[in-house]
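Computation of the quantities below employed the complete heavy-atom set of this structure, encompassing side-chain atoms and omitting hydrogens, waters and symmetry-equivalent molecules. Just so you know, residue 1 is the first one in the sequence shown, and it goes up from there.
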Amino acid sequence: MFSPSFITNTSGRSNSFIPVKDGFVFPSDRKEVVHTSYIGETIAIYETGNHSIHHDVILDSSGNIIALTSNDDDKGNKEDWIIVIDKDTGEIVYEIDFKEYFGDMGDYYQRNQGDWLHLNSVDYSDRKGGTIIISSREMAAIFSFTGIDSVQTRGRVIIDNRSLGRCDLATALDIVAL
């Protein structure tokens, strides 16, 4: 069976496989994202530094990489960060630590052995200077963050476990646009 040499450790890896104009972008393991040609030639490798990829990787409208991660230096907490990697430089240009948005919640961050938020999916829209929609398993909520393409980021809850009915992404984006 064919096994590309750049895929090293698939344990816990995201299952994102993103087609782009000259090939594909996907996580090769928890610590890097690879851009390959259609025939498997490596175009670029993007390292995540002290972050480990969890569940989802997407591209913004400029082709930069947005990944759900755990910060390896943030002992005891997991799956509560987002990073943005510049596609041209490979540098992490933006990080969101969700504990900063939720403030002092004390022992709440230790809930479920530090998996207090557990981000499962992320989507991007270029509305309002870049908007991301994320879902949290542990909070049973969907959040939006606008201004991700600038320093003017602000977040809010779109839907939580008290909301009635279901909401698809198109509806969530319409709510964000209000």
Participant: Could you tell me whether the side chain of Asn64 reaches within less than 4.5 Å of the side chain of Val93, counting heavy atoms only?
Facilitator: no
Participant: Could you tell me the separation between the OG1 atom of Thr36 and the CZ atom of Phe24, rounded to the nearest 0.5 Å?
Facilitator: 6.5 Å
Participant: Kindly give the heavy-atom pair with the smallest separation between Leu68 and Ile82, and that separation in Å.
Facilitator: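 Leu68 and Ile82 have their closest heavy atoms at CD2-CG1, 3.6 Å.
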Participant: What are the two closest heavy atoms between Asp29 and Ile53, and how far apart are they?
Facilitator: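 Taking Asp29 first and Ile53 second, the nearest heavy atoms are O-CD1, 3.9 Å.
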Participant: Would the distance check show the side chain of Asp97 and the main-chain N or O of Trp81 forming a donor-acceptor pair, the cut-off being under 3.5 Å?
Facilitator: no
Participant: Is any side-chain heavy atom of His51 less than 4.5 Å from a side-chain heavy atom of Arg30?
Facilitator: no
Participant: Using a 4.5 Å cut-off on heavy atoms from C-beta on, say whether the side chain of Ile142 contacts that of Ile133.
Facilitator: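 Yes; the side chains approach each other to less than 4.5 Å.
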Participant: Which heavy atom of Leu119 sits nearest to which heavy atom of His55, and what is that distance?
Facilitator: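 Minimum heavy-atom contact is O-CD2, 3.6 Å.
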Participant: Are Phe17 and Ile43 connected, step by step, through hydrophobic side chains (Ile, Leu, Val, Met, Phe, Trp, Tyr) whose heavy atoms are closer than 4.5 Å?
Facilitator: no
Participant: Are Thr48 and Ile83 packed together at the side-chain level, in the sense that at least one heavy-atom pair is separated by less than 4.5 angstrom?
Facilitator: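 Thr48 vs Ile83: side chains touch.
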Participant: Please give me the minimum heavy-atom distance between Tyr38 and Lys21, naming the atom from each residue.
Facilitator: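 Heavy-atom minimum between the residues: OH-O, 3.4 Å.
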Participant: Would Asp56 and Ile134 satisfy side chain to side chain contact (heavy atoms under 4.5 Å, CB included), going step by step from the backbone distance to the final call?
Facilitator: CA-CA 10 Å; Asp56 213 359; Ile134 57 166; over 6 Å; no
Participant: Before you tell me yes or no, could you show the steps for Phe26 and Val57 under side chain to side chain contact (heavy atoms under 4.5 Å, CB included), namely the whole-Å CA-CA distance, both residues' side-chain angles and the distance that decides it to 0.1 Å?
Facilitator: CA-CA 7 Å; Phe26 58 93; Val57 172; over 6 Å; no
Participant: Which heavy atom in Ile66 sits nearest to a heavy atom in Tyr124, and how many Å separate them?
Facilitator: CD1-CD1, 3.7 Å
Participant: Checking side-chain polar atoms at under 3.5 Å, does Ser135 have a donor or acceptor matched by the opposite partner on Ser121?
Facilitator: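 Short answer, yes.
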Participant: Any side-chain heavy-atom pair from Glu47 and Val33 closer than 4.5 angstrom?
Facilitator: no
Participant: Excluding sequence neighbours, so at least two apart, what forms salt bridge (charged side-chain N to carboxylate O under 4.0 Å, His left out) with Lys31?
Facilitator: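 Counting only residues at least two positions away or on another chain, Lys31 forms a salt bridge (charged side-chain N to carboxylate O under 4.0 Å, His left out) with Asp72.
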Participant: Is any side-chain heavy atom of His35 closer than 4.5 Å to a side-chain heavy atom of Lys87?
Facilitator: no
Participant: Measure the spacing between CG of Asp60 and CD1 of Ile65 and express it to the nearest 0.5 Å.
Facilitator: 9.5 Å
Participant: Donor-acceptor pair, Ser37 side chain versus Ile39 backbone, under 3.5 Å?
Facilitator: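 The answer is yes, because a donor-acceptor pair under 3.5 Å joins these two groups.
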Participant: List the atom of Phe143, the atom of Ser136, and the distance in Å for their closest heavy-atom pair.
Facilitator: CE1-CB, 3.8 Å
Participant: Would you check if Leu59 and Val20 make a side-chain contact, meaning some heavy-atom pair closer than 4.5 Å?
Facilitator: yes
Participant: Distance-only, no hydrogens or angles: does the Thr69 side chain make a donor-acceptor pair with backbone N or O of Asn71 under 3.5 Å?
Facilitator: no
